[in-house]
Structure formats: C-alpha cells, structure tokens
Engineer: 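First the structure, which I've put down as structure tokens, then a few questions once you've had a look.
Since the model is a prediction, treat every value here as computed from it, not as a measurement. Chain A is the first sequence line, chain B the second, and so forth, proteins listed ahead of strands; every chain is numbered from 1.
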Amino acid sequence: MPELPEVRVVVNYLNQNVKGKVISAVRVFYNRLLVETSLLDLKDKLVNQQIEGVDAYGKYIIFHLTNYEMISHLRMEGKWIFESDNFFSYPQDLVEAEIEFEHEAKVLRYYDFRRFGTLQLVAKNQWKTLPAIAKLGYEPFDKGASADYLFTKVHSSSRAIKTLLLDQTILLGLGNIYVNEVLFQAKIHPLESGKNLTLQDCALILQVSKDILGKSIEEGGTTIHSFMVGNHQSGHYQKYLQVHGRENLPCFVCGTKIKKINVNGRGTYYCPWCQKLKKI
DNA sequence: ATCCGTGTTGCAGT
DNA sequence: TACTGCAACACGGA
C-alpha cells in the first residue's frame, strides 16, 4: 500500500477503529518486526496504554499512546487490520503482531507479506529525534516545501530528478508510483539532472505533487498488489495512473508508447514525447 | 526458472 | 568529507 496517500488512508482507518481504546495484551510473532525495542519492553510498556490518536508523518505511522509513541513503517506490504479474533483477512502466518484492547472483542493485527515493515516504541514526544525521522524533508503539503526550498535541494545535484524526488530527506511521502506520475504531469524527463531544473520546474513539481497526492487521498490511495477479496483498505487511484505500469501502452496525451527504463534500480515509466530531456 | 517490486538502510567506491 | 550506486532485507507473482 504505502506511499503518502496510502498511509493517510491507513491512519484514518486506525483513528476510526482503535482511537481511544486501551491496550490489554500484545503478541509478536516475528521478532525482526521490532526495531531497537525488545519484545519484553513492548509487552510491559504497551499494556494499559491508551491510543490517544494516530498520525502520519510521510510514510511513517505514529501511534500516540499515553506515555509512548509507537512508530510503524509498512515498507512494501505491511497492513494494519482491525478484525474479529477468529477471522483472518490474510493468511494467518503473515500476522506479525496482534494487539488486544479492554472491552473489545476485535483485535488489531499487523500483517506483512514481505516482512520488511518495522515497529518501534519511543518515549513520549521523542519520536522526532529518531535519526531516521529527524533527517526527513518536508511533505509537499507543508508550508516549508516552497519552490525555493526544492530548488535549493535539487539544483546543486547531478542526480536524476527521479532519484531526488524519491529521496525522503528532500520531499517526504512520494514513492515510486507517484514520482512516475508527478514527472509525467510536470513533463519532466525522469533522468533530467537536478542541476538543469529551474525554479519554475520546482514550483510545478510541487503543485503537481499536491494535486496528485490530494486526489489519491480522496480516492483511498492506490491498490496494486491487492490479492484479497473484501479488502476494506483497497483504493481507487489506480484508475487515474497515467504512466505507471503502462509500458508500451499509448500515452493518454499524445499516443506515443510509454517507455519503461530502470533508474537506480526502480522501474521508471515515462512518455518519450511528452517528457524530453532539456537541451542544455 | 529467473526477474521484479508500493521502501529504506548501510556499505563500498569515487 | 560528501556524494552516489547498489546489495540486502523476504517472498509471492509474472
């Protein structure tokens, strides 16, 4: 699921289902899920904690508890599901953690198809000091994400703009799918060197990013590898994808075949007619 | 069978 | 030192 819109959708789901509930038991079935957090600590500390609310920070999910923050990153395939104790939305052996609440028959389960996701418990109000989080850049919706800010970060680099936009220390929340979409809509070639971008290009990238991410949040995110019938978290933005996953299909704007290349190990889709390298 | 992938990190090379 | 590329993590699907 997880780029910024998908994480927002999960956070809304968590707030609707478990906000205000008090944890009564915790079980972990895959210890590598935990980062800098011992299993004993997790169990000891989580019991009797109330979930005061859940927030998103880029692709991170922040559970605000009475005395702690619990930081969840879904990576590629992680899923939080609130479901009946005896009903499993996904294969039971994919459950990595399970949280029970007082006066509540349903349980909150963390499933992970690829076991890449992480969970970390941090003392209250300390989570922004975690090194991995402290270094992150601005979300496109943040006031700090101005054209000047992006231009400063980008114009001194010779890296491909595709790579720069995936770098979460510059902008926060864009992943591979949405970067492909943003660059198509901004008509910028994914391999364009950061130093060739103008201030106007940066302003356009930010505007398009907000448009695309906002629309996707409205649509419930993008669901690509959804194999689950009745998955209540599936989104609809995949209907709006212009280039991602459309290799050799005609561009919706000009009809040219969409090209797929590899940029730093990530599948990269673009229209060779609409997105030309600058002649500099 | 081999390659690919919604993400991030840590290591190695320049 | 700073920047960059890439393997690694794990596992199902094409």
Engineer: Please name all residues satisfying salt bridge (charged side-chain N to carboxylate O under 4.0 Å, His left out) with A:K45, sequence neighbours left out, ordered by chain then number.
Structural biologist: A:D41
Engineer: Return the set of residues passing salt bridge (charged side-chain N to carboxylate O under 4.0 Å, His left out) with A:K43 (not counting sequence neighbours), or none when no residue passes.
Structural biologist: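 Per chain and number, A:K43 pairs via salt bridge (charged side-chain N to carboxylate O under 4.0 Å, His left out) with no residue.
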Engineer: Listing time: all N or O pairs from protein to nucleotides 2-6 of chain C that are below 3.5 Å?
Structural biologist:
from, atom 1, to, atom 2, distance (Å)
C:dT4, OP1, A:S157, OG, 3.3

Engineer: Using a 3.5 Å cut-off on both pairing distances, which stems of three or more Watson-Crick or G-U pairs include DNA chain B?
Structural biologist: B:2-5 with C:11-14, B:7-14 with C:2-9
Engineer: Classify A:Y237 by what it touches in the nucleic acid, base, sugar-phosphate, or nothing, heavy-atom distance under 4.0 Å.
Structural biologist: nothing
Engineer: A:F101: what forms a ring pair (Phe, Tyr, Trp, His ring centres under 6.0 Å) with it, not counting sequence neighbours?
Structural biologist: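 Residues passing ring pair (Phe, Tyr, Trp, His ring centres under 6.0 Å) with A:F101: none at all.
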Engineer: What's touching nucleotides 9-14 of chain B from the protein side, N or O pairs under 3.5 Å?
Structural biologist:
from, atom 1, to, atom 2, distance (Å)
B:dT9, OP2, A:K135, NZ, 3.4

Engineer: So what does A:G267 touch, heavy atoms closer than 4.0 Å: a base, only the sugar-phosphate, or nothing?
Structural biologist: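 It contacts sugar-phosphate atoms only.
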Engineer: Please confirm whether A:W80 and A:Y111 have ring centers closer than 6.0 angstrom.
Structural biologist: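 Judged by ring-centre distance (under 6.0 Å), A:W80 and A:Y111 do not meet the cut-off.
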Engineer: Would you tell me if any nitrogen or oxygen in the side chain of A:R266 comes within less than 4.0 Å of OP1 or OP2 on B:dG7?
Structural biologist: yes
Engineer: Report the residues that fulfil ring pair (Phe, Tyr, Trp, His ring centres under 6.0 Å) with A:F116, sequence neighbours left out, ordered by chain and then residue number.
Structural biologist: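 In terms of ring pair (Phe, Tyr, Trp, His ring centres under 6.0 Å), with neighbours along the sequence ignored, A:F116 is linked to no residue.
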Engineer: Looking only at side-chain N and O atoms, does A:E83 offer a donor or acceptor that is under 3.5 Å from a partner on A:S89?
Structural biologist: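 Checked: A:S89/A:E83 side chains pair up, N/O donor to acceptor below 3.5 Å.
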Engineer: Enumerate the side chain to side chain donor-acceptor pair (under 3.5 Å) contacts for residues 168-180 of chain A, please, sequence neighbours excluded, ordered by first and then second residue.
Structural biologist: A:E6-A:Y178, A:K162-A:N176, A:D167-A:T169, A:Y178-A:S216, A:Y178-A:T222, A:N180-A:H244
Engineer: Determine whether the aromatic ring of A:F116 stacks with the base of B:dG7, defined as ring centroids separated by less than 5.5 Å and ring planes inclined by less than 30°.
Structural biologist: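 Stacking between A:F116 and B:dG7: present.
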Engineer: Going by atom type alone, with no hydrogens or angles, which donor-acceptor pairs under 3.5 Å involve a side-chain atom of residues 205-213 of chain A and a protein atom two or more places apart or on another chain?
Structural biologist:
from, atom 1, to, atom 2, distance (Å)
A:Q207, NE2, A:D211, OD1, 3.0
A:S209, OG, A:I205, O, 2.7

Engineer: Considering only residues two or more places apart or on different chains, which pairs with a residue in residues 179-210 of chain A satisfy ring-ring contact (aromatic ring centres under 6.0 Å, His included)?
Structural biologist: A:H189-A:Y270
Engineer: Not counting sequence neighbours, which residues clear ring pair (Phe, Tyr, Trp, His ring centres under 6.0 Å) with A:Y68? List them please.
Structural biologist: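 Listed in chain order: nothing, the list is empty.
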Engineer: Which parts of residues 186-199 of chain A get close to DNA chain C, meaning a heavy atom less than 4.0 angstrom away?
Structural biologist: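 Under 4.0 Å from DNA chain C: no residue of residues 186-199 of chain A.
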Engineer: Does either side chain, that of A:N196 or that of A:S193, offer a donor lying less than 3.5 Å from an acceptor on the other one?
Structural biologist: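 No, because no side-chain N or O of A:N196 sits under 3.5 Å from a partner of the opposite role on A:S193.
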Engineer: Rounded to whole angstrom units, what separation is found between the CG atom of A:L4 and the P atom of B:dT8?
Structural biologist: 11 Å
